[in-house]
Protein chains: 2
Amino acid sequence: MKERNPDKSKAAILRAAEAEFAGKGFFGARVDEIAAKADINKRMIYAYFGDKEALYNQVLLNTYSKMEDVENNLIKQNLQGISLIEKIISTYFDFLYNNPDFVNILMWENLNKGSYLNKIEKDIIERKSIKYFITAIESGKSCGVFKDDIDSFQVVLSMITTCFANFSNQYTLSRLFNTDLTSKETIETRKQHTIELITSYLIKEN
Amino acid sequence: MKERNPDKSKAAILRAAEAEFAGKGFFGARVDEIAAKADINKRMIYAYFGDKEALYNQVLLNTYSKMEDVENNLIKQNLQGISLIEKIISTYFDFLYNNPDFVNILMWENLNKGSYLNKIEKDIIERKSIKYFITAIESGKSCGVFKDDIDSFQVVLSMITTCFANFSNQYTLSRLFNTDLTSKETIETRKQHTIELITSYLIKEN
DNA sequence: CCAACAAGTAACCGTTTAGTTACTTGTATT
DNA sequence: AATACAAGTAACTAAACGGTTACTTGTTGG
């Protein structure tokens with residue numbers, strides 16, 4: 001019989017579940033497959049997490065918290081103006097490149113019309129980062145670095161959407177544009193171009 | 001017994017299948033449910049389309065062709081410079097707003113790493129519109145309307161990704177930004193802002 | 001009018017899947 | 001070392017699901 005270690009088993013289940021749910025969505029994911037990947041008996045999933053849906057919810061929470069860590073780290077650096085904008089875009093690109101599971105799970109939520117997201121407490125998901133970014137752009141306007149007729153809210157939305165779509169649609173876009181959007185090089189090019197696009201819109205000419 | 005009408009039955013199956021696949025993805029979609037929605041006997045799905053996967057492929061082709069119609073219509077108008085860019089963005093926003101099934105099916109394809117898309121013949125999906133847009137931007141550079149140091153390929157990619165993400169991520173973004181991204185008004189604001197963002201990047205200042 | 005075939009039906013089958021039951025075994029505490 | 005409970009196992013079940021079989025019925029061309 002296998003060595004007994006409940007913490008290790010739970011962690012293994014969560015890791016396997018994240019991969020399975022991210023790869024196949026809630027319906028496509030197989031509990032038996034998660035058990036096999038985690039190298040534990042299926043019974044333990046039900047013992048530790050209840051059922052498939054409860055396990056999925058736990059995976060979602062885990063996934064969101066990773067993103068929050070990255071954002072909090074960014075805020076701590078206290079950057080301003082163009083260097084902040086560059087850092088935001090760069091950070092999102094890097095995070096999304098390194099966390100395909102996060103991208104997939106967000107997409108799954110959108111396909112379900114955000115049903116799970118709407119169940120969890122507002123303050124868990126309402127990210128202070130958005131407010132921080134908007135305030136930073138506003139102060140960039142005040143000190144004359146950014147144009148003063150731009151809508152900070154819209155700019156932040158555009159930044160996030162532009163970063164995200166490169167990953168959420170990488171397969172269909174790769175096919176459509178006949179380029180490998182999954183490769184490190186292509187993503188780096190996209191990152192630089194996105195920085196150029198957003199900053200050129202923001203910067204006040206003299 | 002029901003009136004006999006194979007064309008009507010096939011069309012009903014395709015319509016029901018599109019809704020079912022768009023809502024639940026390939027794995028989540030139920031053949032029995034499609035049959036019920038189409039109000040036909042399940043046997044007919046297998047008679048007309050073969051199996052679940054073949055039906056899904058047919059739905060994919062149908063979905064793409066709607067998009068192609070819109071794009072071909074756009075190309076026919078023979079627009080140039082800024083008015084072309086405005087029209088492209090405007091057309092994508094309107095199409096995506098009116099065709100949520102298209103958005104969902106594309107997202108499912110990405111979640112499945114484009115597995116079905118990659119099986120379809122290349123020339124069916126390789127859209128000439130992309131080449132047309134790139135060429136148009138290049139000629140805008142030649143006649144001095146657009147900056148000459150911009151990368152047309154990257155600009156077209158940015159246009160498409162920026163439009164798409166407003167719809168593919170509308171639920172998570174609505175939650176994150178505390179705004180209703182599904183409403184006509186918000187989408188109109190996003191459309192205008194996106195036009196501003198892209199054109200301000202392209203236009204050559206004097 | 002009547003074969004012949006296409007359109008449509010109902011009941012069924014083998015497999016897969018989420019979830020359960022009844023059981024065994026390791027280990028920490030006394 | 002005996003006890004007690006948590007950790008882990010194997011085999012099972014009921015339902016769901018994709019796909020099939022054997023059949024009936026409407027339509028059409030000679």
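Below, chain A is the first sequence line, B the second, and so on; all start at residue 1.
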Measure [atom1]/[X] against [atom2]/[N] and give the value in whole Å, please.
X: B:Asp7; N: C:dG8; atom1: CG; atom2: P; result: 10 Å
X: A:Ile13; N: D:dA7; atom1: CD1; atom2: P; result: 11 Å
X: B:Ile40; N: C:dA7; atom1: CD1; atom2: P; result: 13 Å
X: A:Lys52; N: D:dA16; atom1: NZ; atom2: C1'; result: 12 Å
X: A:Ile45; N: C:dT20; atom1: CD1; atom2: C1'; result: 14 Å
X: A:Met44; N: C:dA18; atom1: CE; atom2: C1'; result: 17 Å
X: A:Asn5; N: D:dT9; atom1: CG; atom2: P; result: 13 Å

Considering residues at least two apart in sequence or located in another chain, which fulfil the side chain to side chain contact (heavy atoms under 4.5 Å, CB included) criterion with [X]?
X: B:Asn78; value: B:Tyr132
X: B:Asn73; value: B:Lys76, B:Gln77
X: A:Gln80; value: none

task: Taking Watson-Crick and G-U wobble pairs with both distances under 3.5 Å, convert DNA chain C into its dot-bracket string, 5' to 3', dots for unpaired and | for cross-strand pairs.
output: ||||||||||||||||||||||||||||||
Contact list (N/O, under 3.5 angstrom) for nucleotides 10-12 of chain C vs protein:
unit_1, atom_1, unit_2, atom_2, d
C:dA10, N7, B:Asn41, ND2, 3.3

message: With a 4.0 Å cutoff (strictly under), does any side-chain N or O of B:Ser9 reach OP1 or OP2 of C:dG8?
response: yes
task: Taking only the side-chain nitrogens and oxygens of A:Tyr46, find out if one of them lies under 4.0 Å from OP1 or OP2 of C:dT21.
output: no
Considering residues at least two apart in sequence or located in another chain, which fulfil the side-chain hydrogen bond (donor to acceptor under 3.5 Å, both in side chains) criterion with [X]?
X: A:Thr63; value: none
X: B:Thr182; value: B:Asp180
X: A:Asn72; value: A:Lys128

statement: On DNA chain D, more 5' by nearest nucleotide between B:Asp51 and A:Tyr48 is A:Tyr48
- request: Hey, could you give me each pair passing salt bridge (Lys or Arg N to Asp or Glu O under 4.0 Å) that has a residue in residues 16-32 of chain A? Not counting sequence neighbours.
  value: A:Glu18-A:Lys66, A:Glu20-A:Lys24, A:Glu20-A:Lys37, A:Asp32-A:Lys42
Test item: A:Leu60 and A:Tyr56 side chains (from C-beta on) under 4.5 Å apart, heavy atoms: yes
Would you list the atom pairs, donor with acceptor, under 3.5 Å between side chains in residues 157-167 of chain A and any protein atom, with sequence neighbours excluded?
unit_1, atom_1, unit_2, atom_2, d
A:Ser158, OG, A:Gln154, O, 3.2
A:Ser158, OG, B:Arg190, NH1, 3.4
A:Ser158, OG, B:Arg190, NH2, 2.9
A:Ser158, OG, B:His193, ND1, 3.1
A:Thr161, OG1, A:Leu157, O, 3.0
A:Thr161, OG1, A:Ser158, O, 3.0
A:Thr162, OG1, A:Ser158, O, 2.5
A:Asn166, OD1, A:Arg190, NE, 2.8
A:Asn166, ND2, A:Thr162, O, 2.7

What pairs of donor and acceptor atoms, side-chain ones from residues 86-97 of chain B against any protein atom, are under 3.5 angstrom apart with sequence neighbours left out?
unit_1, atom_1, unit_2, atom_2, d
B:Thr91, OG1, B:Lys87, O, 2.6
B:Tyr92, OH, B:Glu71, OE2, 2.6
B:Asp94, OD1, B:Lys191, NZ, 3.0

message: Distance to the ring centre below 6.0 angstrom and angle to the axis at most 45 degrees; does that hold for A:Lys147 and A:Tyr201?
response: yes
Close residues, residues 15-35 of chain A, relative to DNA chain C [heavy-atom separation under 4.0 Å]: A:Ala29, A:Arg30, A:Val31, A:Asp32
